[in-house]
**Student:** 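My structure is below; once you've seen it, I'll send some questions.
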Amino acid sequence: MTISRTTAVVVAANGLTAVIAAALLMLVLWQAPRRRMNLLFALTMLILLGYCVANIFGRFIAELGLDPAQTTYVAVSLFGYFTISMFVFSSEFAHERTLTTEIMGFGGMICGLGYIAAMWSDQVMVDIHPTSDPGSYQGRWTALGNTASMILAAYMIASAFVIFRMKDPRARALSLAPVLALAGIISSVVIWPLIHIPLQAMFLAASALVLGRPVLRDQLFNPLAMLNQQLADKNAELSRASSMKSQFLTDISHELRTPLNSIIGYTELVMGGMYGALNDIQGDRLEKVVRNGQTLLKLVNDAIDLNRIETGQLTLERRLVIVPEVLNTVLDTIEPLAVNKGLAIRRDFGAIPPIYVDEVRLRQIVTNLVANAIKFTHKGSVTVRASAISGDVRLEVVDTGIGIPADQFDTIFQEFRQVDDSSTREYEGSGLGLTITRRLVELHGGRIWLESAVGQGSTFFISLPAKAPEEPAAAVISSAAA
Ligand code: ADP
């Protein structure tokens, strides 16, 4: 088999372009993260690779026993789709999704299919025959073929224009790719008949490099960008998982609350003697049922609260509140718990101006802190102080209890974290109270911190801004515990 000089040049030029496309394709597929943009780039390179291979095969039609018309159709179709795919990739790269880009992307693909169908029914190019140059074939464009070619050229100009005008400035350089592809077509029409140099393949290689440059730079050779991308992907995955978790938690918590309330309610009725007298053992066991039921209900309510806060569904209903009044209400309710343990409750309230807070949430904050102080104190007292300090209201809950090691000051504010994490721990609790308390304080624009010494006691401090908030009062959200 003798290979003409023209065939050798065509094979070399298309071979080089094919190698560039294949190299870019493999680099991106194996090295870059799996993202729509990278996959679109890989597809564009695959189409270009196919086009170059079809061109090479086109020089050996007789030797390979191919159909000259079909080989030409395949090459022309691949070229059309290369230009469309190039545009779709560019708009994905620029994150540009407008009506224009959608029409040019989808519209281009549909028109491309119509074009292929017309070509296969011999309405685009006819009379494909060998020329005097061995291995070379030539056909005649029909009127439809000429029109389609003009439309394709217009599409490439429009692509360049639209890509150049995209909002992302990085996309601007990509507009050179369709210009180069168009220059390739023009060279194949104007220059090829004069001197048989396949400039088109070179132009296409250049346009592949223009498209590949930002992909290589951002996705492959910039480890930071790659890392950022991986982090962003991971984040998106995590936030999807987290929102699914939140939804699950909301659903399950509400489902749990109703039967729990019913269990507690009916047990209390039985305990109250409504269905007949109980002996001591029965009374004692039912009391345990109620106590455990209430612990479980508190856990469920805490979980609902925390979930609301984390998903941004909890808004504060702020109004002017007289803090000592709230503190007294809380302490009056909770005092019996302290008295039962032989603890003294002390109140030390200074002159405090009314402040804008959500009263229900303030009560929840103070209740959590005082309940903890009582729970973790065996002798001595629990003191609640309130004062106004440089424009803020300062609350202090002081106990003489077991204290907290300094290395646990941060962890106790984390979800489900307790100083004694063992399964045999002495104190009941969910480990959510302080997490919720801190979030509620922060929602108010305040701060919570503590001082403590093991064996001597702890003091939890809260500072709440006394100034009226600038934002309008938010929608009313009923207390989860209500
Ligand atoms: P819990 O439901 O376990 O009390 P919290 O989030 O309210 O959950 O508190 C977390 C942990 O912080 C507690 O388990 C306890 O170890 C520690 N803690 C909180 N308040 C005090 C306190 N006043 N004295 C000693 N330890 C405390």
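The model shown is predicted, which means the values in this text are computed figures rather than measured ones. Counting convention: from 1, in listed order, for ligands and their atoms alike.
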**Student:** Examine the proximity of ligand 1 to Asp399 and report which part, side chain or backbone, both or neither, has a heavy atom under 4.0 Å away.
**Tutor:** side chain

**Student:** Applying salt bridge (charged side-chain N to carboxylate O under 4.0 Å, His left out), which residue pairs with at least one partner in residues 433-448 are found, sequence neighbours left out?
**Tutor:** Glu310-Arg439, Arg438-Glu442

**Student:** So which bit of Lys375 gets within less than 4.0 Å of ligand 1, heavy atoms only: side chain, backbone, both or neither?
**Tutor:** side chain

**Student:** Look at Glu96 together with Arg165 and state whether they make a salt bridge at an N to O cut-off of under 4.0 Å.
**Tutor:** no

**Student:** Verify whether the ring centers belonging to Phe82 and Tyr51 lie closer than 6.0 Å.
**Tutor:** no

**Student:** Do Ser159 and Met86 have side chains that approach each other closer than 4.5 Å (heavy atoms only, starting at C-beta)?
**Tutor:** no

**Student:** Of the backbone atoms (N, CA, C, O) and the side-chain heavy atoms from C-beta on, which set of Phe460 has a member under 4.0 Å from an atom of ligand 1: side chain, backbone, both, or neither?
**Tutor:** side chain

**Student:** Which of the atoms in ligand 1, numbered in the order shown and given with their element, are less than 4.0 Å from a heavy-atom of Ile404?
**Tutor:** 18 (N), 21 (C), 25 (C), 26 (N), 27 (C)

**Student:** Ignoring hydrogens, just give me the one of Thr411, Leu299, Asn368, Leu434 whose non-hydrogen atom is nearest atom 5 (P) of ligand 1.
**Tutor:** Leu434

**Student:** So, is Gly431 polar-close to ligand 1, with some N/O to N/O distance under 3.5 Å?
**Tutor:** yes

**Student:** Show the atoms of ligand 1 that are less than 4.0 angstrom away from any heavy atom in Ser458.
**Tutor:** 24 (N)

**Student:** Applying salt bridge (Lys or Arg N to Asp or Glu O under 4.0 Å), can you list everything that pairs with Asp302, at least two apart in sequence or on another chain?
**Tutor:** Lys298

**Student:** Looking at Asp305 and Arg361, does any basic side-chain N land under 4.0 Å from a carboxylate oxygen?
**Tutor:** yes

